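A note on names: the letters A, B, ... follow the listed sequences, proteins ahead of strands, and every chain is numbered from 1. Keep in mind that this is a model prediction, so the values were computed, not measured.
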Amino acid sequence: MSDGPDLYSIADLAREFGISTRAIRFYESKGLIAPERLGATRVFRRRDRARLILILRGKRLGFSLRDISDYLALYDADRGQQVNLLAEKVDERLELLEQQLADLQTTIAELQEIRKLARTRVSPAS
DNA sequence: GTTCTCACA
DNA sequence: TGTGAGAA
């Protein structure tokens with residue numbers, strides 16, 4: 001049905017996702033994942049792998065580990081509230097990015113204006 | 001190979 | 001938000 005191994009070592013996941021084993025341990029220390037242990041050694045199941053994928057996607061979208069942790073914590077608890085939190089954080093993020101984009105566009109326009117003036121005043125005719 | 005802790009940016 | 005180093 002669903003394929004792939006049932007068990008993964010920390011090195012397996014680090015290799016698959018192109019991150020360090022240190023980063024994975026770091027995420028665990030922050031409570032984002034909670035792999036089982038065989039003795040002292042971490043054993044990751046599909047569920048842990050799935051959470052890791054969500055962590056990396058959240059990071060890629062610019063969310064903090066804290067945000068991602070808050071979101072993941074609701075997976076086992078309140079799925080309705082999880083959806084609400086996600087919507088709220090996504091709105092926040094979009095608002096910030098849109099503002100940053102507008103600021104960048106303003107800066108770009110200023111620089112382009114400066115370049116235009118500089119060319120007409122100090123450059124040989126082209 | 002894996003674990004942990006401490007220091008560091 | 002991670003990494004480096006060192007010891008086990």
Could you tell me whether the side chain of R45(A) and the main chain of D48(A) form a donor-acceptor pair under 3.5 Å? no
Quick check: do L32(A) and F26(A) have side-chain heavy atoms less than 4.5 Å from each other? no
Side-chain (E28(A)) to main-chain (I33(A)) donor-acceptor, under 3.5 angstrom: no
Provide the start and end nucleotides, 5' to 3', of the part of DNA chain B that has atoms under 4.0 Å from heavy atoms of chain A. dT2(B) to dC4(B)
Sorted by chain and residue number, the side-chain hydrogen bond (donor to acceptor under 3.5 Å, both in side chains) partners of D78(A) (sequence neighbours excluded) come out as none
Test item: F44(A) and I24(A) side chains (from C-beta on) under 4.5 Å apart, heavy atoms: yes
Sorted by number, the residues of residues 50-67 of chain A with heavy-atom contact under 4.0 Å to DNA chain B: none
Heavy-atom closest pair (R93(A) atom, G62(A) atom, distance to 0.1 Å) is NH2-CA, 3.3 Å
L32(A) CG to dT1(C) P, in whole Å, measures 9 Å
What contact category does R25(A) fall into here, base, sugar-phosphate, or nothing, at under 4.0 angstrom with non-hydrogen atoms? base
Return the residues of residues 7-20 of chain A meeting this criterion: a heavy atom under 4.0 Å from some atom of DNA chain B. Order them by number, or give none. S9(A), I10(A), A11(A)
What verdict does the salt bridge (Lys or Arg N to Asp or Glu O under 4.0 Å) test give for E113(A) and K116(A), after you've listed the backbone C-alpha separation in whole Å, the side-chain angles of each residue and the deciding distance to 0.1 Å? CA-CA 5 Å; E113(A) 186 61 24; K116(A) 191 169 85 180; 3.7 Å; yes
Check the interface with nucleotides 5-8 of chain C: list each N/O to N/O pair with the protein under 3.5 Å, or write none.
none

Going by side-chain contact (heavy atoms from CB on, under 4.5 Å), F63(A) matches just one of D70(A), I68(A), L86(A), I55(A). Which one? I68(A)
With a sphere of 6.0 Å drawn around CD of E95(A), does it hold more than 12 non-hydrogen atoms of other residues, nucleotides or ligands? no
Membership question, hydrophobic clusters at under 4.5 Å side-chain separation (ILVMFWY): are L104(A) and L111(A) in the same one? no
Minimal non-hydrogen separation, R46(A) against P5(A), with atom names: NE-O, 3.0 Å
Restricting to side-chain hydrogen bond (donor to acceptor under 3.5 Å, both in side chains), what partner residues turn up for D91(A), sequence neighbours left out? none
Within the pair Y27(A) and dG2(C), is there a side-chain N or O less than 4.0 Å away from OP1 or OP2? yes
Determine, for Y75(A) and R79(A), whether the Lys NZ or Arg CZ falls below 6.0 Å from the six-membered ring centre while staying within 45 degrees of the axis. yes
